[in-house]
Amino acid sequence: MPPRCLGPSHLPLAPFLYPALFRPRSAHPTLLRTAISRHSSSSSSSSSSSSTLNSLPESRLNPAPDDYAAPSFADKAELTIYAGRGGNGCVSFQREAFLPDGPPNGGDGGIGGNVYIQAAHGETSLHKLARRRFIRAGRGKHGQGSGKGGMRGEDVVITVPVGTIVQEIERHDPAAEEELALRAYQALKKQKRRELLAQEQRDREAKKEAEQETEHEDELEAELEAEEDALDERRRKKNSPEDDYDPDADNPEREKWLLYPGMSKSEMKSAEFPKLPKRTRFFQQPPPPIYLDLSRPTPTPILLAVGGINGLGNPHFTSRNHPRPVFATKGEEAVTMKISLELKLLADVGLVGLPNAGKSTLLRALTNSRARVGNWAFTTLQPNIGTVVLDKYSGRPNVKARRHRYPSSSPDANADDSTLGEPRTRFTVADIPGLIEGAHLDRGLGIAFLRHVERAGVLAFVIDLSAGSAVAALKSLWREVGLYAEMRQEEERSREFEARVDWDLVSQASRGPINLMGASYGTPLPMQEAQSRTPTLHIAGKPWYVVATKADLPETRENFKELEKYLEDVTEGREEHPGGVEGAWTKSCAAIPVSAIKGQGVERIVDWTVGLLDE
Ligand SMILES: Nc1nc2c(ncn2[C@@H]2O[C@H](COP(=O)(O)OP(=O)(O)OP(=O)(O)O)[C@@H](O)[C@H]2O)c(=O)[nH]1
Ligand SMILES: [Mg+2]
């Protein structure tokens, strides 16, 4: 269905909104009435006082410079996460009256807690996580006497906003390191044994030769000499550092044992341990590097770092050789990981414009936002998100919409169940700081904020009709956006990380936390692959339109006419796309004249946007 926009006949607007220039589309009277009543009530309610900045009365849409709400916001955070280590096993024996040598009854330690991550609606910023910096899961408690097992360490779930990208920076996995140390030790041991055997062989051969060469007369003398030599040799070997080598002394496995408290050092040194039982973690640690693109709410938490294995109590080691084992095993150290979180807000519409174009005023006019407005460049320093409510819960939605889908989801992927198939009741609008020429080179407030509109379903270019040629402004904005998109694509291509979330599997998993690398989930599917396949055009492939704002100001009409003519040419193919991108979306390029400060014309934006989102 084509985007809908209200025709001039339905709009009791001032002549500066050029109704004759606006292309007629199907109208939606219900929406119109509510939208108009909302804005007229909001502007009339506060028309008594007057603003110091312009001649218009102070209102919600023309607020005083200090009338704004600035919620805390951070779109980047770096966290160090610590999974909990496992609790130690306990060495203990039953003691009772008339039972001096009771059986072993040491309890097992508790398993360490895991660290998970989950994307949820409702979260909009990473500032709390950025302040925390460290996240620790609970450690498993040690086992106790009388067979008491230690408590399991508490799991931690990191909740992030939908649209967060998680990247692993570094990790320390003691279990993997231990495994390496053990392998190195076994290789060394093998080599030593081989050397010893070779030495013995050589000695035997030398002795044999000496025996053959010796004459009968001095046989006795030679034998004595040989014996002396052998004795010397043995003495020399004994004093040599090589002979000090005790194959078991630096066995890394010894480190894993825990001995009965109060045992002397020599006892500890001479203690003989059985073979360590082979144990695996209950959850498998996802292999490095982790890369997650949480562009949809995750129904269940995703595992990041696995807690350590618990130690075993001494009853596990009772055997014929060790009827009263005075040892237990220690709990395993757990994974430590450094991750970076980057939030790309997921709004349906992204407002892109030069500084002071009127983006924040437009956001205020469209939504209940209290974004800061000021007559100077870079009033907005952080992205603002507002929600346009279409359904007033008065029975049926004001705008009939089909399905609400996430813009970044691939067509065949299952979206979050809670939002699929529902009529559209709202959409979100992101207002970002203004862009200046060279923004893609990080000039002005730079590209840092362009990523917030990168994922929007629709782009709205907000252009100030009173500030020079609107066509030139549009071209310059598209140039910046296009160059940014190019840079992002380069980045994506050279990215070595592979995403590892299989969203289909994630949505199938009905309950319990997700272990991405668990055997039951099979080979992980690189989600990024699915995503990078679709947006070859990246931002240029998205539907867009122009909001020509400040239309109430004098002498803006010609500028708008020129803009509209230009956009018509772009739609018809007579002019190339303003960003010069081949194959970019030019299906129905429209310019909507508005006076955001008076709340006039903004309802057209709502209707047009819904049309584009549902296209
Ligand atoms: N006359 C008129 N003035 C407007 C309109 N919209 C915004 N303004 C004024 O333009 C100035 C800038 O508005 P903002 O909404 O702060 O502009 P912005 O694009 O968010 O600016 P930055 O955040 O700095 O990029 C303010 O003084 C507004 O009152 C409009 O429709 N008509
Ligand atoms: Mg602003």
Side-chain angles (χ1 to χ4, degrees), residues 13-18 39 42-43 46-47 49-71 73 345 347 349-367 369-386 429-437 439 443-450 452-453 459-468 470 473-474 476-477 480-481 546-557 559-560 591-605:
L13 295 169
F16 53 78
L17 295 178
Y18 329 118
H39 293 301
S42 70
S43 43
S46 49
S47 56
S49 58
S50 71
S51 165
T52 49
L53 284 173
N54 51 37
S55 56
L56 294 165
E58 200 175 300
S59 68
R60 206 185 76 77
L61 301 180
N62 185 29
D66 59 349
D67 174 14
Y68 68 95
F73 180 83
L345 289 173
V349 187
L351 301 183
V352 185
L354 298 170
N356 215 26
K359 299 178 293 298
S360 304
T361 311
L362 183 65
L363 185 75
R364 275 183 172 244
L366 284 168
T367 70
S369 161
R370 288 189 60 221
R372 190 175 195 186
V373 167
N375 201 6
W376 62 86
F378 301 118
T379 318
T380 303
L381 301 171
Q382 303 277 20
N384 297 303
I385 290 257
V429 184
D431 160 37
I432 61 163
L435 298 183
I436 60 165
E437 205 160 316
R443 297 218 178 102
L445 288 181
I447 47 173
F449 299 107
L450 264 176
H452 296 304
V453 293
L459 294 186
F461 290 87
V462 182
I463 291 177
D464 178 356
L465 285 177
S466 68
L474 177 66
S476 127
L477 285 171
E480 289 311 318
V481 171
V546 178
V547 180
T549 188
K550 305 198 188 176
D552 53 313
L553 294 177
E555 288 154 28
T556 52
R557 187 184 175 117
N559 203 359
F560 181 77
I592 304 175
V594 298
S595 168
I597 207 165
K598 293 185 177 174
Q600 288 177 320
V602 286
E603 61 283 350
R604 290 169 171 177
I605 297 175

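Everything numeric here is computed off the predicted structure, so don't read it as measured data. Atoms within each ligand, like the ligands themselves, are counted from 1 in listed order.
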Would you name the heavy atoms of [X] and [Y] that are closest together and state the gap between them?
{"X": "Val373", "Y": "Pro63", "value": "CB-CG, 4.0 Å"}
{"X": "Leu363", "Y": "Ser369", "value": "CD2-OG, 3.3 Å"}
{"X": "Ile592", "Y": "Gly601", "value": "CG2-O, 4.2 Å"}
{"X": "Gly434", "Y": "Phe378", "value": "O-CE2, 3.5 Å"}
{"X": "Lys550", "Y": "Thr556", "value": "O-CG2, 3.9 Å"}

Going by distance only, is there an N or O of [X] that falls short of 3.5 Å from an N or O of ligand 1?
{"X": "Leu56", "answer": "no"}
{"X": "Pro433", "answer": "no"}
{"X": "Ala551", "answer": "no"}
{"X": "Pro355", "answer": "no"}
{"X": "Ala357", "answer": "yes"}

Just which atoms of ligand 1 are under 4.0 Å from any heavy atom in [X]?
{"X": "Ala377", "answer": "24 (O)"}
{"X": "Asn375", "answer": "11 (C), 27 (O)"}
{"X": "Gly434", "answer": "25 (O)"}
{"X": "Ser595", "answer": "31 (O)"}
{"X": "Asp552", "answer": "1 (N), 2 (C), 30 (C), 31 (O), 32 (N)"}
{"X": "Trp376", "answer": "24 (O)"}
{"X": "Thr361", "answer": "6 (N), 7 (C), 13 (O), 14 (P), 15 (O), 28 (C)"}
{"X": "Thr549", "answer": "31 (O)"}

Are the side chains of [Y] and [X] in contact, using a 4.5 Å heavy-atom criterion?
{"X": "Tyr68", "Y": "Thr379", "value": "no"}
{"X": "Pro593", "Y": "Arg604", "value": "yes"}
{"X": "Ile436", "Y": "Pro355", "value": "yes"}

Practice task
Output all residues satisfying salt bridge (Lys or Arg N to Asp or Glu O under 4.0 Å) with Arg370, sequence neighbours left out; order by chain, then residue number.
Solution key: Asp67
Exercise for the section: Just go through Lys550, Lys359, Arg372 and tell me whose heavy atom is the nearest to atom 5 (C) of ligand 1. Expected result: Lys550
Problem - NZ/NE/NH1/NH2 to OD/OE distance under 4.0 Å, Lys359 and Asp431 - result: no
Practice task
Could I get the full list of side chain to side chain contact (heavy atoms under 4.5 Å, CB included) partners for Leu354, not counting sequence neighbours?
Solution key: Ala473, Ser476, Leu477
Fill in the blank from the handout: Ala548 meets the side chain to side chain contact (heavy atoms under 4.5 Å, CB included) criterion, sequence neighbours left out, with Leu465, Phe560, Leu563
Exercise for the section: Answer with side chain, backbone, both or neither: which part of Leu553 has a heavy atom less than 4.0 angstrom from an atom of ligand 1? Expected result: side chain
Practice task
At a cut-off of 2.8 Å, list the protein N/O/S atoms near the Mg ion (ligand 2), residue plus atom name.
Solution key: Ser360 OG, Thr380 OG1
Exercise for the section: Using side-chain contact (heavy atoms from CB on, under 4.5 Å) as the criterion, point out the one residue from Leu351, Thr549, Ile597 that pairs with Leu362. Expected result: Leu351
Handout entry: Gly353 near ligand 1 by a heavy-atom separation under 4.0 Å
Key = no
Handout entry: Gap separating the CD1 atom of Ile432 from the CD1 atom of Ile385, nearest 0.5 angstrom
Key = 10.5 Å
